[in-house]
Each structure stands twice: as structure tokens, then as C-alpha cells.
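So the structure is just underneath, and the comments pick up after that.
Labels below follow one simple rule: chain letters A, B, ... track the order of the sequence lines, proteins then strands, and each chain is numbered from 1. All values derive from a computational prediction rather than experimental measurement.
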Number of protein chains: 2
Amino acid sequence: MNRASSLHAPTFSPLYRQIKQLIMGNLESGEWGPGDAIPSESELAGRFGVSQGTVRKAIDEMAAENLLVRQQGKGTFVATHKDPGSAFRFLRLVPNDGVPQVSQSIPLECWRAKAGPDVARTLALEPGAPITILRRLLKLGDEPVVFDEIYLSSELFPDLSLEVVRAGDSLYGLFESRYGVCMVRADERLRAVAADRVSAELLQVAEGSPLLVVERVTFTYGRKPVEWRRGFYSTRNHHYRNELG
Amino acid sequence: MNRASSLHAPTFSPLYRQIKQLIMGNLESGEWGPGDAIPSESELAGRFGVSQGTVRKAIDEMAAENLLVRQQGKGTFVATHKDPGSAFRFLRLVPNDGVPQVSQSIPLECWRAKAGPDVARTLALEPGAPITILRRLLKLGDEPVVFDEIYLSSELFPDLSLEVVRAGDSLYGLFESRYGVCMVRADERLRAVAADRVSAELLQVAEGSPLLVVERVTFTYGRKPVEWRRGFYSTRNHHYRNELG
DNA sequence: TAGTGGTCTAGACCACGTC
DNA sequence: ACGTGGTCTAGACCACTAA
């Protein structure tokens with residue numbers, strides 16, 4: 001039994017948390033990719049030399065963080081944005097009347113640039129590092145409701161282009177399968193602003209009418225920031241839903 | 001060991017979940033009030049005739065839902081809105097520059113009315129049931145940033161008045177200590193709107209400038225809705241912070 | 001020192017999915 | 001029939017708090 005690193009060190013962490021870090025390592029290195037089944041609990045217990053209950057507690061935490069998905073009788077799988085259900089985890093906009101609608105992503109522009117100080121800071125890049133900027137419109141039903149401007153490191157997403165985006169499924173599904181970058185967590189900041197001319201035209205609202213602005217920093221494993229985006233949400237027929245617990 | 005109600009019934013629930021419901025019952029009945037210590041795990045295990053691990057799993061879930069708070073070496077306590085830390089769980093508005101500010105609640109008006117069909121529906125009351133409406137302004141630092149209109153059942157909050165609100169600490173702290181109603185969960189809907197005259201004046205912004213509207217239904221134990229409120233948030237120097245996981 | 005929650009183990013059995 | 005995760009038990013020991 002490995003009780004190493006416990007002794008009165010200030011950096012003590014219980015065994016199950018060390019196991020968790022080992023599993024995290026396999027996710028970060030891409031050894032176990034999104035959608036894959038990870039080894040069974042007893043297999044991992046044997047491999048790490050701990051009891052099954054300890055592995056279980058490690059996996060429990062990761063399942064609670066949406067990193068893994070357990071399925072009784074089948075196994076434990078690396079979370080993916082491709083299965084339905086996980087698809088809308090990051091889009092909190094829902095129609096006021098509750099009727100679910102088909103979503104359609106319309107890429108508008110995609111170009112390269114150099115990171116300004118602000119983008120560099122939020123994405124943890126060198127100022128001047130190459131970035132890719134993507135603009136797209138999101139329709140729910142027939143109505144345009146979100147205008148997004150998305151900033152990405154060109155190094156992480158090398159050949160991103162309008163064609164690539166058009167071909168793929170959901171954006172995060174594409175990032176996952178094409179670039180091996182799995183979006184896991186995000187921080188959002190919401191404000192109300194008056195629509196500028198571009199947004200107003202795209203969202204088919206009057207210039208100056210109130211819009212919801214959502215700034216999002218998205219993280220992959222290990223809290224590494226990999227996406228920054230600003231979205232203009234039209235809240236005429238939709239609202240941003242949030243649960244406080 | 002009580003494995004009752006398991007047999008192939010469609011309403012099967014594991015033992016630890018039945019224990020959880022028993023503990024929930026003690027919270028709903030007010031037998032264990034906010035801030036109180038609940039009996040120790042071994043005590044409960046003996047009382048319910050199950051192993052300590054099973055009680056532990058029940059408490060684990062309730063701690064994850066912020067119903068209980070564990071403190072190593074001391075015991076497990078019913079969550080309360082009075083201890084700092086829990087105080088800002090339901091206010092997601094933070095200053096743009098990150099500097100924390102003193103908050104000050106200023107009650108404006110408080111009157112009685114009869115529930116309209118909409119309020120009755122969201123609060124699960126009979127249409128026409130007596131309700132109490134409270135308006136208040138929230139200042140962060142010296143700046144007015146939130147104008148709230150709050151709807152409550154007069155039956156649950158009998159003698160609520162401007163004086164009572166002025167005297168108390170935080171609103172949810174008051175509800176807890178004076179009326180024994182503990183706010184546990186909330187659903188929020190966010191929209192961007194143009195400021196009307198009243199809101200604009202109170203929040204010291206121009207009429208028609210964009211405001212964030214936050215509609216909230218707040219629940220006590222057992223998902224019982226007990227509060228409905230609409231808040232107008234000024235997002236000039238603040239933003240609504242949200243984490244997606 | 002005594003009591004609490006926190007961790008870890010080992011083993012039994014159940015529920016589910018697949019072959 | 002077999003392997004997976006899900007539940008439950010019993011007991012040991014650790015870490016923290018308070019008297």
C-alpha cells in the first residue's frame with residue numbers, strides 16, 4: 001500500500017486523490033480519449049495496488065466533475081461532447097415557451113491574427129502568439145439567437161477554417177475529434193448591453209436594443225484555458241437558464 | 001437489515017437513499033433546524049439499524065446538495081444562511097475589477113395583495129391567496145446595482161413588514177430564523193431588457209439603457225417553491241458570474 | 001482523552017448489459 | 001454465464017476538535 005507523501009507534509013492528499021491524479025494523467029496525455037472505455041475498477045485497483053473502493057472513490061469524484069461517465073453493466077467511459085445530453089451542457093439558452101428546437105451553427109468568418117495582451121492573458125499565451133478567430137451565428141429553430149466571436153490558439157487548432165467548421169458536428173465535438181482537445185469546464189461573465197450595428201443586423205433586432213453578452217473562458221483537463229469567446233444573445237424569445245444550489 | 005421495498009418494484013431505491021429521506025424528514029419537520037448539529041454517523045447508524053457506511057453515503061449526497069455541512073472532528077450541521085461563505089451563494093453579481101465590496105440591502109416598500117394566476121402557479125398557491133410583495137434596493141459599495149421585487153406567501157411569512165426586514169440580517173437569514181423557512185435551491189432565468197423609468201431612477205442609469213433581468217424561483221426542502229422574485233441588475237461595473245461544469 | 005468525521009480495506013451480494 | 005458498476009457490511013486506523 002502506497003501511503004507515500006502523507007507524512008506530516010503540508011501537501012498531504014489521500015490515496016484516492018493520488019489515484020485520481022494518475023487517472024487524470026491518462027486523460028491529459030490522451031491515452032484514454034473521449035468516448036473510450038477506461039479499464040474496470042478491479043483492473044485499476046490491481047494495477048495501482050489499492051483496493052477497489054479506493055479506485056471507486058477516485059472515479060466518483062471524476063464522474064461528479066463530468067470527466068467520466070459510469071454505465072452500470074458496461075463500464076466507465078471518458079466523457080465526450082458527441083453523445084446527446086452532453087451536447088447542451090454549455091449552451092444555457094432555452095426558448096421561453098420551453099419547446100425544444102433544432103439548433104444550427106452557421107460559420108461566418110475565420111481568420112488568423114496575433115494575440116493582443118488581453119487574449120494572451122486569458123489563454124495563457126505569449127503576447128503576439130498566433131491565434132485563430134472564428135465568427136458564427138447560432139440559430140434555434142428559424143430564429144438567429146446567438147452571435148459568437150471565438151478566439152483560439154492557432155497552435156492547438158492548426159488548420160481550423162470555415163470549411164473545417166462547416167463539415168463538423170458541434171464545435172466542441174469537432175475540437176475533440178480533430179484536435180484532441182476536450183472542453184471540460186467554463187467560466188462565464190454575463191452583462192446586458194445595447195446592440196451594435198453588426199450584432200443587430202445578424203440577430204435581426206433593432207440597433208441599440210438590449211442584448212445579453214456572455215464572455216466565456218473554456219478549460220480542458222487540468223484547468224488549462226483553451227478558448228475565449230464573446231457571445232451576443234438575443235433574449236426576445238429565449239432566456240439564459242441557471243440553477244443555483 | 002431493511003431491504004424492504006426493494007423487490008422488483010419500479011420504485012426501487014437503495015437503502016442509503018431511504019436513509020436520506022428519513023434525514024430529510026427531520027429537516028422538513030424542523031426537528032433539526034439550520035445551524036444545529038445532527039446526530040453522529042454511528043448514532044444514526046444504530047438508530048436506523050444500518051451500517052455507518054450507509055449513513056455516510058446518505059449524508060454525502062446531502063452535503064453535495066448543500067443541505068448539510070460536515071466538519072471533521074466536530075460533527076455534521078444543518079446548512080444555514082447565517083455563516084459567512086453561504087451568504088453569497090445566491091448572489092452571482094460581482095464587480096468587474098474583482099475587488100470585493102460591502103453589500104447593503106435597502107427595503108423600499110412592502111404591501112399585501114392577492115396572488116394572480118402567474119404568481120399562484122409558480123408558488124403553488126390557490127389563485128387569490130394572500131401574498132406579500134417586497135421591493136428593495138441592493139447596494140454594493142456605494143453603487144445601487146440591484147432592484148428586486150419579491151413575492152412571498154403571506155401564510156408562510158405572516159408578519160413580514162419593512163420594519164422586520166430592516167431589523168434583520170440578510171433576507172434569507174431572516175426567513176430562516178423568523179419563519180423557519182430555509183432556502184436551499186433556486187432556478188433563475190436571465191434576460192436583457194431596456195430600463196423602465198422606475199428601475200432607471202433607482203439604479204441611477206439612463207432610461208432605456210440595458211439591464212439584466214433575473215427571475216428567480218427559490219425552493220426550500222423537498223423542492224417546495226417559496227419565493228418568486230424579479231431583479232433588475234445594473235451591469236455597468238458588475239457582471240453575473242457563472243461556472244459551467 | 002474521548003468523540004467526531006475521513007480514509008482504506010476485504011468480501012459479499014445485487015442490478016445491468018452482453019454474449 | 002460472465003463481467004461491469006452499484007450497494008452494503010464490518011472493522012481498522014488516521015486527522016481533527018474540544019474538554
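D:dG5 atom C1' lies 13 Å from atom CG of A:L44, rounded to whole Å. For the pair A:Q52 CD and D:dT4 P, the interatomic distance rounds to 10 Å; values are reported in whole Å. Here D:dG6 presents its P atom at 11 Å from CG of A:L68, a figure rounded to the nearest Å. Between the CG atom of A:L15 and the C1' atom of C:dG6 there is a distance of 13 Å, given to the nearest Å. For the pair A:M62 CE and D:dG5 P, the computed distance is 14 Å after rounding to whole Å. Here D:dC14 presents its C1' atom at 14 Å from OH of A:Y16, a figure rounded to the nearest Å. Per the geometry, CZ belonging to B:F48 stands 14 Å off P belonging to D:dC8, to the nearest Å. Atoms NZ (B:K20) and P (D:dT7) sit 12 Å apart, rounded to a whole Å.
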**OP:** Determine, stepwise, if the pair A:E43 / A:R47 fulfils salt bridge (charged side-chain N to carboxylate O under 4.0 Å, His left out).
**Re:** CA-CA 6 Å; A:E43 158 74 18; A:R47 191 182 297 186; 2.9 Å; yes

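A heavy atom closer than 4.0 Å to some atom of DNA chain C occurs in B:R56, these being the qualifying members of residues 53-61 of chain B. In the region residues 71-81 of chain A, proximity to DNA chain C at under 4.0 angstrom, judged on heavy atoms, holds for A:Q72, A:G73, A:K74.
Regarding contacts with the backbone of C:dC8, every side-chain N or O of A:S51 stays at 4.0 angstrom or more from both OP1 and OP2. For the OP1/OP2 pair of C:dT4 and a distance below 4.0 Å, the side-chain nitrogens and oxygens of B:R70 include no atom meeting the criterion.
When the salt bridge (Lys or Arg N to Asp or Glu O under 4.0 Å) test is applied to B:D60, the partners found at least two apart in sequence or on another chain are B:R70. Contacts of A:F157 classified as ring-ring contact (aromatic ring centres under 6.0 Å, His included), with partners at least two apart in sequence or in another chain: A:F175, A:Y179.
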Please table the atom pairs, donor to acceptor, closer than 3.5 Å between any side-chain atom in residues 26-34 of chain A and protein atoms at least two apart or in another chain.
unit_1: A:S29; atom_1: OG; unit_2: A:G25; atom_2: O; d: 3.3
unit_1: A:S29; atom_1: OG; unit_2: A:N26; atom_2: O; d: 3.4
unit_1: A:S29; atom_1: OG; unit_2: A:E31; atom_2: N; d: 3.3

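When the local axes at the two ends of the helix from C:dT1-D:dA18 to C:dT18-D:dA1 are compared, using 5 base pairs at each end, they differ in direction by 10° after rounding to 10°.
Under the 3.5 Å distance criterion, with hydrogens and angles disregarded, no donor-acceptor pair is assigned to the side chains of B:E188 and A:H239.
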